[in-house]
Structures are given as structure tokens and as C-alpha cells.
Undergrad: 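My questions all concern the structure below.
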Amino acid sequence: MTTLPDAKLFIDGKLCDASNGGTYDVIGPWTGQPVGKAADGTADDVNRAIAAARRAFDETNWGTPENRANRLELVKKLRALFEANRQKLADLSLHEAGAALGAVGRAHVAMALDGWDDYIRIFDQVTWEKDYGTREAFGGIHKRIAVYEPVGVVAAITPWNVPLYVNIGKVVAALLAGCTVILKPAPNTPGAGAIFGELAAEAGFPAGVLQVVFGEDPALAGEMLVKDPRVDNVSFTGSTAVGKRIMEQGAPTLKRIFLELGGKSAKIVLEDAPNFAMECMMTMLVFHAGQGCAVQSRLLVPKSRYEEARAIMTQAYAGLGEGWGDITNPAHIMGPVISKRQMDRVMSYIELGKQEGATLVAGGHARPDKGGGYFIEPTCFFDVNNSMRIAQEEIFGPVLVVIPFEDDDDAVRIANESSYGLSGGVSSGDFERALRLAKRIRTGSVGVNGGMCISGDIPFGGYKASGIGREWGIEGIEEFLETKMLAWPVAAG
Ligand code: NAD
């Protein structure tokens with residue numbers, strides 16, 4: 001049995017156990033067995049974390065303009081310590097988040113740390129002051145400038161699917177902006193949060209600048225953070241239901257809120273796509289068992305080539321065979337789903353798809369023979385129309401739906417007939433045509449002819465129910481800034 005290091009809380013500069021000494025087992029998705037222990041943070045711990053973050057923001061120079069260079073140096077030092085702990089990060093991704101080895105090297109660790117480097121690289125492009133010139137008012141001339149200041153205490157509430165990536169996206173940006181931070185990782189992946197505390201302690205972060213709290217109860221710490229008037233900003237990635245609750249519960253204290261709530265993104269493969277088969281096959285929803293907010297989980301193909309697509313995908317999934325779900329195989333990019341709860345949820349969607357009249361061309365079964373964990377076959381449905389629930393709801397598992405369209409307008413209509421709008425793709429032999437369609441899709445990012453539109457140096461976020469605000473890139477740092485206008489009278493001329 002694998003044993004990960006105990007996940008400890010980090011409050012006011014100290015690694016600590018829960019105030020009542022409580023712990024809980026972290027269950028490994030590959031085995032369904034405990035892989036480590038985590039502190040079961042209490043309300044008292046959350047209170048202390050908020051108090052420490054508030055004090056550090058209000059009473060130290062952490063967020064001041066004079067401290068910017070020092071902040072950057074500390075963030076770089078922390079980044080170097082994460083580098084030195086790459087293997088530990090990989091172990092956490094593998095055993096805690098259930099990432100297959102071929103996925104660990106990508107989104108889980110490499111892309112996450114690359115994103116951190118992007119933040120460091122673009123930090124000097126953040127605008128801290130803007131000159132608005134002069135204007136005449138009330139008989140005088142007034143000089144106006146804007147200064148951009150850290151928003152204050154940030155609660156970063158994060159999910160289990162790509163925990164290191166999301167934690168970095170929020171924590172590093174907020175620290176660079178000059179905020180103090182309370183990171184609240186998901187109960188399933190406390191280690192990917194705890195490591196921020198361990199290494200911040202080693203890097204010598206001032207007490208109170210960064211806190212990490214978590215516990216077995218999924219809502220306790222999060223709700224306290226959302227409701228507490230001492231917290232200025234909540235940056236959340238997770239489910240739509242919890243996102244809505246955060247907006248509601250944050251309203252009485254008028255929280256600044258960033259939300260990233262997943263998607264049901266469409267990839268449109270037009271009839272003239274030069275490599276039609278490859279374009280279709282690239283959407284096979286296997287990477288990290290489909291547990292990604294930006295995955296393209298609806299494949300849209302022309303009605304004229306729908307049967308051809310069916311043959312292509314049937315063969316491609318059959319060809320994948322048992323090429324997934326082996327924890328020792330570095331070529332595998334798909335392992336189990338995160339938990340029993342998630343497995344039940346995904347399996348219920350597969351049942352629903354059958355009841356709705358869709359045709360399974362691949363997968364559809366749980367695979368207990370792969371181990372004691374939460375294995376579901378790579379699954380693909382044809383004969384899907386866009387009004388079915390399996391086409392509308394985020395399944396967050398290895399389930400692709402394939403939908404036919406009549407023409408370009410119909411493809412855009414189907415892509416847009418979704419409450420979500422996070423990512424997407426368009427492929428065509430005619431670049432201008434693909435670009436035109438991409439611009440008509442109401443979504444936060446679109447890859448045109450396979451273009452990569454997600455990386456640490458560009459903004460990421462959603463339209464519609466996929467969220468509010470942008471993470472990553474300069475915009476990701478600016479999410480944590482407030483605008484203050486300053487004006488003073490000046491002599492005419
Ligand atoms: P969730 O939204 O319940 O949890 C996300 C984070 O919010 C966790 O840290 C959790 O502890 C915390 N949380 C839970 N209840 C809260 C509350 N009332 N107030 C404040 N914080 C709270 O997500 P989940 O249960 O881990 O997954 C459920 C579904 O969410 C998935 O099946 C999937 O569809 C979706 N999901 C989306 C993303 C994404 O990246 N958009 C990530 C994970 C899950």
C-alpha cells in the first residue's frame with residue numbers, strides 16, 4: 001500500500017495538526033484504499049487561518065508597492081522548491097488524484113509548473129498605475145491617475161481533478177498581486193494543497209501570508225470562507241451547484257468572486273477537414289478519464305459524414321483496447337475516476353444515455369477487474385441529439401457524445417445551445433471558414449485547426465454558466481487587484 005506523507009494544515013506560518021487532533025483517510029482512486037492521512041481541519045482552524053491572513057494583509061508590508069520585488073523573489077524561491085519536489089508532486093498526482101503516469105507528466109505537474117513560470121515571466125507586464133491625463137471640472141484642472149492595489153484576503157477554493165494546476169493558478173497569482181491567501185483544496189486531494197504550506201515554510205514566507213486549510217467535510221471550511229467579512233475575494237473552481245451557492249452565500253458581504261465552473265465544450269469537425277479521421281479521434285475522451293473542465297466532450301460532425309465518423313470512432317476505441325488503467329504504464333493517460341461517488345455519477349449518466357436512445361459504440365461498463373479503484377471504460381455514444389441530458393450536462397468522466405449537424409449555421413447553433421461556454425474547437429481545410437465559426441461560438445477559448453488556447457501566459461475562463469472572470473495570464477493576476485482613482489488640482493496650461 002502506498003503511503004503519502006501526512007497532509008498538515010498551514011496557519012500563521014506554522015505547519016499544524018487540526019486543533020482537535022482529528023485526521024481522515026485519503027482514499028486512492030486506483031485501489032479504493034487509504035493512501036495517506038490528512039488533518040481534519042475544524043471551524044477553529046479556519047477561523048485562525050482567516051485571522052492570520054487578515055492580520056498579515058492589514059498590518060504588514062506584504063501587499064505594498066515597495067514590497068513587489070521582494071514578493072516576486074519569494075514566489076521564485078517557492079517555485080524552485082516545487083522544482084526540487086517534482087517527484088513528490090508526481091506521486092501526489094498519481095496516488096491522490098488518480099492521474100495515469102502519462103498524464104502526470106503533462107497537465108498534472110509539467111503544465112502546472114510551466115504555468116507558474118509564465119506568471120513569473122509576465123509579472124513585470126502588470127499595470128500598477130495608469131495615467132488618465134487632466135480634465136477641467138468645477139473651474140479647475142485636475143490630474144487623474146489610477147493605481148491598482150491588491151484586493152486583500154483571498155480564499156482559493158479548489159477541486160480534485162487537476163489540483164496542482166488549479167492551486168497554482170490561484171495562489172501564485174494572488175500572492176504576486178500582493179494578497180494574502182487561504183488555500184482550501186478539495187477533501188480528496190489535500191496533499192496537493194498541503195505541499196504549498198510545507199514549502200512556503202521552507203521558503204521563509206512571512207507568517208499569515210499563505211494559509212492552507214482542509215478537512216473531510218467538503219463544505220465546512222469553504223462556507224466559512226465565503227461568508228466571513230474578513231475575506232475579500234473568493235476564487236473558486238468546481239461544480240456549478242457550489243459556484244451558485246458561493247455567489248448566494250457571498251452576497252451579504254459583497255464578495256469579489258471568480259468562478260470557473262466547467263463546461264460541455266464542442267469540437268466541430270467540418271466536412272473539408274484535411275484529416276477528418278484524426279480530427280475525430282483526437283476528441284476521444286480518455287485523458288485523465290475525462291475529468292477536465294475544458295475537455296471537448298461533444299464531437300460535432302457533418303450529417304453527410306456521420307456514418308463514416310461512427311466507423312472511425314468505433315475502430316479507434318476498439319484499437320485503444322486495454323491501453324489504459326495500468327498504474328505502472330507510462331504510456332497510459334487514463335486511470336480511474338476520483339472516487340466511488342464520481343464513479344456512480346458517471347455510470348448513472350451512461351445508463352441515462354442508453355435510456356435517452358443514444359447508441360453505445362464503445363465502453364459503457366465499470367471495470368472492477370482493473371483493481372479495487374474506480375475504473376470506467378472509455379465510452380462513446382452516437383445517435384445523440386443536443387437536447388439529450390448527456391449532451392447538455394457535464395458528466396466529468398470518460399464519456400464522449402457525437403452529434404450530427406447540417407451545415408455551418410447548424411454547427412454553431414448546436415455548439416451554442418449549451419448553458420456552458422468554456423472551450424471548444426473548429427477544424428476545416430479552409431482556415432478563414434474555421435476562424436469565422438470559432439468567433440461565433442459563445443465560449444471562453446476555441447482551438448482553430450488544433451491551436452492550443454490554454455497555457456499559463458494567456459487568460460482562461462468561461463462565458464455563461466462556465467464562470468465569471470479570468471484566470472492565468474496578466475488578467476489572472478489583475479483579477480486580484482482593485483482600481484483606485486487619485487486626482488488632484490493642477491495649474492492650467
Ligand atoms: P465541488 O464543487 O463540490 O467542490 C469543489 C471545491 O468546493 C472543493 O474544495 C469543495 O470542498 C468545495 N466546496 C464544496 N461545497 C462547498 C460550499 N458549500 N461552499 C464552499 N466550498 C465548497 O466539486 P466536487 O464535488 O469535487 O465535484 C462535483 C462535480 O463538480 C463533478 O462531477 C464535476 O462535474 C464538477 N467539477 C468541476 C470542476 C471544474 O474544473 N470545473 C472540477 C471538479 C469538479
Side-chain angles (χ1 to χ4, degrees), residues 24 26-27 29 38 40-41 46 96-98 107-108 155-167 169-171 182-190 192-194 212-228 231 234-251 255 257-265 285 288-295 297 337-349 374 376 389-390 392-399 419-423 444 454 460-462 464-469 471-472:
Y24 69 98
V26 179
I27 303 300
D40 193 7
V46 180
E96 202 184 64
H108 282 267
I157 303 177
T158 61
W160 41 258
N161 58 325
V162 273
L164 181 67
Y165 185 79
V166 181
N167 291 346
K170 299 183 189 310
V171 171
I182 303 153
L183 170 62
K184 209 302 285 173
N188 307 70
T189 51
V212 187
V213 290
F214 43 80
E216 189 167 25
D217 183 323
L220 178 119
E223 293 207 351
M224 283 183 68
L225 292 166
V226 169
K227 288 181 190 166
D228 198 295
V231 175
V234 174
S235 178
F236 172 79
T237 298
S239 63
T240 307
V242 173
K244 287 180 180 171
R245 193 164 167 77
I246 285 175
M247 281 200 89
E248 271 173 38
Q249 295 200 318
K255 284 282 179 300
I257 289 180
F258 166 87
L259 299 174
E260 200 271 272
L261 307 175
K264 191 76 184 179
S265 301
L285 200 45
H288 198 33
Q291 301 167 112
C293 47
V295 296
S297 49
V337 297
I338 186 78
S339 62
K340 171 82 170 57
R341 176 175 162 239
Q342 189 67 9
M343 179 155 143
D344 292 346
R345 185 171 184 272
V346 175
M347 289 309 299
S348 74
Y349 271 109
Y374 314 113
I376 301 173
R389 281 181 59 199
I390 56 165
Q392 286 295 319
E393 297 177 21
E394 186 183 44
I395 299 175
F396 227 65
V399 183
S419 56
Y420 292 108
L422 191 59
S423 80
I454 299 176
F460 174 72
K464 303 190 277 182
S466 288
I468 297 174
E471 201 155 58
W472 298 105

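Just so you know, ligand 1 is whichever comes first in the structure, and atom 1 is the first atom listed for that ligand.
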Undergrad: For ligand 1, note which part of Gln291 has a heavy atom under 4.0 Å away: side chain, backbone, both or neither.
TA: neither

Undergrad: So does Phe396 get a backbone contact from the side chain of Gln342, meaning a donor-acceptor N/O pair under 3.5 Å?
TA: yes

Undergrad: Which atoms of ligand 1 sit under 4.0 Å from any heavy atom of Ala186?
TA: 8 (C), 9 (O)

Undergrad: With heavy atoms only and a cut-off of under 4.0 Å, state how Gln249 meets ligand 1: side chain, backbone, both or neither.
TA: neither

Undergrad: Among protein heavy atoms, which lies nearest atom 44 (C) of ligand 1, and at what distance?
TA: Phe396 CE2, 3.7 Å

Undergrad: Would you mind listing which atoms of ligand 1 come within a distance below 4.0 Å of any non-hydrogen atom of Lys184?
TA: 8 (C), 9 (O), 10 (C), 11 (O)

Undergrad: Looking only at protein heavy atoms, which one is nearest to atom 19 (N) of ligand 1, and how far off is it?
TA: Glu223 CG, 3.5 Å

Undergrad: Counting from 1, what ligand 1 atoms have a heavy atom of Cys293 closer than 4.0 Å?
TA: 39 (C), 40 (O), 41 (N)

Undergrad: Could you find the nearest protein heavy atom to atom 43 (C) of ligand 1 and give me its residue, atom name and distance?
TA: Pro159 CB, 3.4 Å

Undergrad: Have a look at ligand 1 and work out which part of Leu225, if any, has a heavy atom under 4.0 Å from it: side chain, backbone, both or neither.
TA: neither

Undergrad: Of the non-hydrogen atoms in Pro159 and Gly238, which two are nearest, and what is the gap between them?
TA: CB-CA, 4.4 Å

Undergrad: Check this for me - ligand 1, Ile246, N or O atoms closer than 3.5 angstrom, yes or no?
TA: no

Undergrad: Rounded to the nearest 0.5 Å, how far does SG of Cys293 lie from OH of Tyr420?
TA: 11.0 Å

Undergrad: If you measure from each non-hydrogen atom of Thr158 to ligand 1, which part falls under 4.0 Å: side chain, backbone, both or neither?
TA: backbone

Undergrad: Arg341 heavy atoms, cut-off 4.0 Å: which ligand 1 atoms fall inside?
TA: 25 (O)

Undergrad: Quick test: of every protein heavy atom, which one is nearest to atom 26 (O) of ligand 1, and how far off is it to 0.1 Å?
TA: Trp160 NE1, 2.3 Å

Undergrad: Just by distance, do the side chain of Glu260 and the backbone of Gly262 share a donor-acceptor pair under 3.5 Å?
TA: yes

Undergrad: Any atoms of ligand 1 less than 4.0 Å from a non-hydrogen atom of Gly222? List them with their elements.
TA: 19 (N), 20 (C), 21 (N)

Undergrad: Taking atom CH2 of Trp160 and atom OG1 of Thr189, what is their separation to the nearest 0.5 Å?
TA: 9.0 Å

Undergrad: Out of all atoms in ligand 1, which are within 4.0 Å of some heavy atom of Pro187? Include the element for each.
TA: 11 (O)

Undergrad: Is there a donor-acceptor pair under 3.5 Å between the side chain of Tyr24 and the backbone N or O of Pro187?
TA: yes

Undergrad: Between Asp228 and Met224 (side chain of the first, backbone of the second, donor and acceptor by atom type, cut-off under 3.5 Å), is there such a pair?
TA: no

Undergrad: Nearest heavy-atom pair of Ser235 and Phe258: which atoms, and what distance?
TA: OG-CD2, 3.4 Å

Undergrad: Suppose I only count heavy atoms of Ile157 and a 4.0 Å limit; which atoms of ligand 1 are within that range?
TA: 6 (C), 7 (O), 9 (O), 12 (C), 21 (N)

Undergrad: Which heavy atom in Lys264 sits nearest to a heavy atom in Ile390, and how many Å separate them?
TA: NZ-O, 2.9 Å

Undergrad: Quick one: which of Ala219, Pro163, Pro218 has a heavy atom closest to atom 11 (O) of ligand 1?
TA: Pro218

Undergrad: Is atom 4 (O) of ligand 1 near the protein, in the sense that some protein heavy atom lies at less than 4.0 Å from it?
TA: no

Undergrad: Who's the nearest protein heavy-atom neighbour of atom 7 (O) of ligand 1, and how far?
TA: Phe236 CE1, 3.2 Å

Undergrad: Check this for me, if you would: do Glu471 and Lys170 make a salt bridge, where the nitrogen-to-carboxylate-oxygen distance has to be below 4.0 angstrom?
TA: yes

Undergrad: Which bit of Arg245 gets closer than 4.0 Å to ligand 1, counting heavy atoms only: side chain, backbone, both or neither?
TA: side chain

Undergrad: Write out the residue and atom name of the closest protein heavy atom to atom 41 (N) of ligand 1, then the distance separating them to 0.1 Å.
TA: Gly262 N, 3.0 Å

Undergrad: Where the side chain of Gln291 meets the backbone of Gly397, is there a donor-acceptor pair that is under 3.5 Å apart?
TA: no

Undergrad: Can you measure from CZ (Phe214) to OG1 (Thr158) and round to the nearest 0.5 angstrom?
TA: 11.0 Å

Undergrad: Can you tell me how far the NZ atom of Lys464 sits from the OG1 atom of Thr240, to the nearest 0.5 Å?
TA: 12.5 Å

Undergrad: Could you measure the distance from the CD1 atom of Ile27 to the CG atom of Asn188? Nearest 0.5 Å is fine.
TA: 9.5 Å

Undergrad: Atom 32 (O) of ligand 1: which of Glu394, Glu393, Arg345, Lys264 has the nearest heavy atom?
TA: Arg345

Undergrad: Which residue owns the protein heavy atom closest to atom 28 (C) of ligand 1, what's the atom, and how far is it?
TA: Ser239 CB, 4.1 Å

Undergrad: Among all protein heavy atoms, pick the one closest to atom 16 (C) of ligand 1 and tell me residue, atom and distance.
TA: Val242 CG1, 3.5 Å

